[in-house]
Amino acid sequence: MFMRLVTLGEGAEDTRRRATHAELRWLTDNTDLMEEVIDQFGAYRLLSLDHDPETRQPTVEVAHEAILREWDRLRGWLNASRDDIRQERVVSRAAEDWKHHQRDVSYLLRGTRLEQVEKWRQTTTLIQTPLEQDFITQSLQQRDADAKAERTRQEREARLELRSRNFLRGLVAVFAIATVIAGVLALFALVQRNDAIQARVA
């Protein structure tokens, strides 16, 4: 939960990040337990509970940034998980962008970015939200569909190329036969002409 309540500082101190209750509830199958944990940390004034000014959804954030500096265990978790958290934020932003654009396939991950996320997903201990999971799954499925379409295209092109080669071979054979026939006819005509000339002379 706390990994989602921190914005990592790039060359600066880490800062608080506001998250919705809904985002945090997805981190466990037991949503009642998560609510209880949030309430307990809120009661001890380690978490600040509020509402998003636009959506009015309940939000959670670390009460004071001093907690990020002074709580050794949290600092240890953050230091051990920095790369994981950075990758999760990249996926989270991309997933939100995908959702914002009506899940348009052009917003899915591709290429090297998708390979990095696929490897990260297999090794991370951070839990992804259903949106993030769906986003990664859809990206992988789109990659497979694109690869299948590319294979189909290459096979079709190979068939067309083979057909063209066979057609050209047939055409060359027809020209070769026509050349032989023309040569035979020319020779036959020459023999006939010579015979006619000899018959006239005789």
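Values below: all heavy atoms of this structure, side chains included; hydrogens, waters and symmetry mates excluded.
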For the hydrophobic clusters of this structure (ILVMFWY residues joined by side-chain heavy atoms under 4.5 Å, transitively), does one cluster hold both L33 and L46? yes

Please say yes or no: joined through hydrophobic side-chain contacts below 4.5 Å, possibly via intermediate residues, are W77 and V62 part of one cluster? yes

So do [Y] and [X] actually touch side chain to side chain, heavy atoms under 4.5 Å?
| X | Y | value |
| --- | --- | --- |
| V90 | R113 | yes |
| E96 | R93 | no |
| E150 | D146 | no |
| M1 | L5 | yes |
| R86 | L8 | yes |
| M3 | T125 | no |

Could you give all pairs that pass the side-chain hydrogen bond (donor to acceptor under 3.5 Å, both in side chains) test and reach residues 169-188, with sequence neighbours left out? N166-R169

If you link I, L, V, M, F, W and Y whenever their side-chain heavy atoms are under 4.5 Å apart, who else ends up in the same group as [X]?
| X | value |
| --- | --- |
| V105 | V91, W98, Y107, L108, L109, L114, V117, W120, L131, F135, I136, L140 |
| L185 | I177, I181 |
| V180 | V184 |

[atom1]-[atom2] distance between [X] and [Y], expressed to the nearest 0.5 angstrom:
| X | Y | atom1 | atom2 | result |
| --- | --- | --- | --- | --- |
| I67 | F41 | CD1 | CZ | 9.5 Å |
| L24 | H21 | CG | NE2 | 7.5 Å |
| D50 | T59 | CG | OG1 | 4.5 Å |
| S92 | E132 | OG | CD | 4.5 Å |
| T20 | D52 | OG1 | CG | 8.5 Å |
| H64 | L47 | NE2 | CG | 10.5 Å |

What's the shortest heavy-atom distance between [X] and [Y], and which atoms?
| X | Y | value |
| --- | --- | --- |
| R18 | P53 | NH1-CD, 4.0 Å |
| Q128 | T124 | NE2-CG2, 3.5 Å |
| E35 | R25 | OE2-NH1, 3.0 Å |
| L68 | D14 | CD1-O, 3.7 Å |

Salt-bridge contact [X]-[Y] (side-chain N to carboxylate O under 4.0 Å):
| X | Y | result |
| --- | --- | --- |
| D72 | R75 | yes |
| E118 | R121 | no |
| E155 | R151 | no |
| R69 | E65 | no |

Side-chain donor-acceptor pair present, Q142, Q138, cut-off under 3.5 Å: no

R103: what forms a side chain to side chain donor-acceptor pair (under 3.5 Å) with it, not counting sequence neighbours? D134

Those residues that, when tested against E88, pass side chain to side chain donor-acceptor pair (under 3.5 Å) (two or more places apart): R4

side-chain hydrogen bond (donor to acceptor under 3.5 Å, both in side chains) test vs E161 passes for just one of R165, R163, R159, namely R165

Tell me whether the count of non-hydrogen atoms from other residues, nucleotides or ligands lying under 6.0 Å of CZ in R82 goes above 12. yes

Over 12 foreign heavy atoms within 6.0 Å of CZ, R193: no

Determine whether D32 and E36 satisfy the following criterion, side chain to side chain contact (heavy atoms under 4.5 Å, CB included), listing intermediate values before the conclusion. CA-CA 6 Å; D32 290 339; E36 187 178 326; over 6 Å; no

Please confirm whether the backbone N or O of A63 pairs with a side-chain atom of R16, one donor and one acceptor, at under 3.5 Å? yes

